[in-house]
Protein chains: 2
Amino acid sequence: MTSAELESVTGCSSHTIRRDISYLGGDFSSGAGYGVAALRKAIETALGLDRRRKCCIVGLGRLGSALLNFSGFAEEGFDLVAGFDASVNRVEILSSTVPLYPNYKLSEVIGRLGIEIALLCVPAAVAQTATEKLINARIKGIVNFAPTALVVPAGISVQDVYVVDELRALAAKLSSAESLQ
Amino acid sequence: MTSAELESVTGCSSHTIRRDISYLGGDFSSGAGYGVAALRKAIETALGLDRRRKCCIVGLGRLGSALLNFSGFAEEGFDLVAGFDASVNRVEILSSTVPLYPNYKLSEVIGRLGIEIALLCVPAAVAQTATEKLINARIKGIVNFAPTALVVPAGISVQDVYVVDELRALAAKLSSAESLQ
DNA sequence: TTTTGTGAAGCGCTTCACAGCT
DNA sequence: AGCTGTGAAGCGCTTCACAAAA
């Protein structure tokens, strides 16, 4: 794939594509474009995505169980190895290929399985409490789907996912398009 | 709120905060900090977020119905006015304060209500087809939750939300932290 | 000839430093 | 005294232009 083709796929200029790839240091031969597989591997290595990480879902409501059923994690290097919910009943009722546990086993399971990342899908009202339990369990990173800003100590990474922010970004694009008539 | 306080809340430097706010042109008096309400209004005006937009959810599976139950859209200027699903049965069973419709009414309802934004929550396999129906219905923007790249004509904005990207961003942060010991 | 890789220039965001306002 | 607003400098990403490689 040539840098011009990558430009049309990604929207980034071919200049930027070429310079960025050159920083990866993978040896791509001039004349032909880039090999997609080799390129992907080089990017993964550069970003430190070249090893698998274990994940869990905390909160098995509609969002949590939607994620539980998503089958695309494994092929991207993320192993979904546990789901947790406060309701023992829900844990027993939900059928899943991923083992489910009641909340009181959270710390034990995270420690035993070596889970590094939690997908936090609990209601906003209990998100901070759940976060603190995760931190006590030595979680390393949290993808936060709760519409609340989490308070975490330095050394813990949080990645917020908030629909309203996406809507705002979209609305801002629409407005700027509208203002050019 | 002073620029120093905003720095500690947002992580952006007070220098950047002050310069960015100065571009907004809202007249904030030196000496005291910024009024939060006035600041918010100035940002909304600058980004074109100072009017309401109507939204709909397409696909009422677990993710779609999770969004349907989220009550935070209205206070941010987004009116969720319709939900659509291919299954007439599901449309009838789900209880919601938002009116639900079977898919074949999509174009009519979007036109009649003046819906501008769709939250696309259908399975990946039918995402492109659904997108084309939305475009025929003159939708302006799509928040895409399906794990697929949508092909859209120029003039339609798409905002992708993909969990794996969030996991990758988190894993990259963890790796770079690990590499400093 | 096509396409990469890279010095050099361009450009914009960030930071510094401080005048000016309250 | 404290904080904002802003020229000026700094810094890094982007783009240009072209030599080197296949």
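Ion pairing of B:E44 with A:R168 is absent here, as no side-chain N (NZ or NE/NH1/NH2) approaches a carboxylate O to less than 4.0 Å. Contact check on B:K133 versus B:E108 returns no salt bridge, with no Lys/Arg side-chain nitrogen under 4.0 Å from an Asp/Glu carboxylate oxygen. The pair A:K173-A:E166 fails the salt-bridge criterion, with no side-chain N (NZ, NE, NH1 or NH2) lying under 4.0 Å from an Asp/Glu carboxylate O.
Contact of the B:Q128 side chain with the B:T148 side chain is not registered, since no non-hydrogen atoms from C-beta on lie closer than 4.5 Å.
Rounded to whole Å, the distance from CG on B:L39 to C1' on D:dC3 is 15 Å. In this entry the distance linking CE of A:M1 with C1' of C:dT2 reads 17 Å, nearest Å. Distance, A:D27 CG to C:dT6 C1': 17 Å, rounded to whole Å. Here the C1' atom of nucleotide D:dT15 and the CD atom of A:E7 are 11 Å apart, to the nearest Å. The interatomic distance linking A:F28 (CZ) with C:dT2 (C1') rounds to 18 Å, in whole Å.
B:A127 meets the side chain to side chain contact (heavy atoms under 4.5 Å, CB included) test with B:L120, B:V122, B:A146, B:L150; sequence neighbours excluded.
Remark: B:S3 is not in phosphate contact with D:dC3, judged by side-chain N or O atoms under 4.0 Å from OP1 or OP2. Contact between the side-chain N/O atoms of A:T2 and the OP1/OP2 oxygens of C:dT3 is not found at any separation under 4.0 Å.
Defined by atom type and a distance below 3.5 Å, a donor-acceptor pair is present between the side-chain atoms of A:R53 and B:S175.
When the options A:R52, A:K54, A:K140 are evaluated for a salt bridge (charged side-chain N to carboxylate O under 4.0 Å, His left out) with A:E116, the one that passes is A:K140.
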List, with names and distances, any nitrogen or oxygen atoms from the protein found under 3.5 Å away from nitrogen or oxygen atoms belonging to nucleotides 20-22 of chain C.
from, atom 1, to, atom 2, distance (Å)
C:dT22, O4', B:S30, O, 3.1

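DNA chain D lies under 4.0 Å from at least one heavy atom of each of the following residues of residues 11-23 of chain A: A:S13, A:H15, A:T16, A:R18, A:R19.
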side-chain hydrogen bond (donor to acceptor under 3.5 Å, both in side chains), that's the test. Do B:S13 and B:T16 meet it? Break it down for me. CA-CA 5 Å; B:S13 82; B:T16 296; 3.2 Å; yes
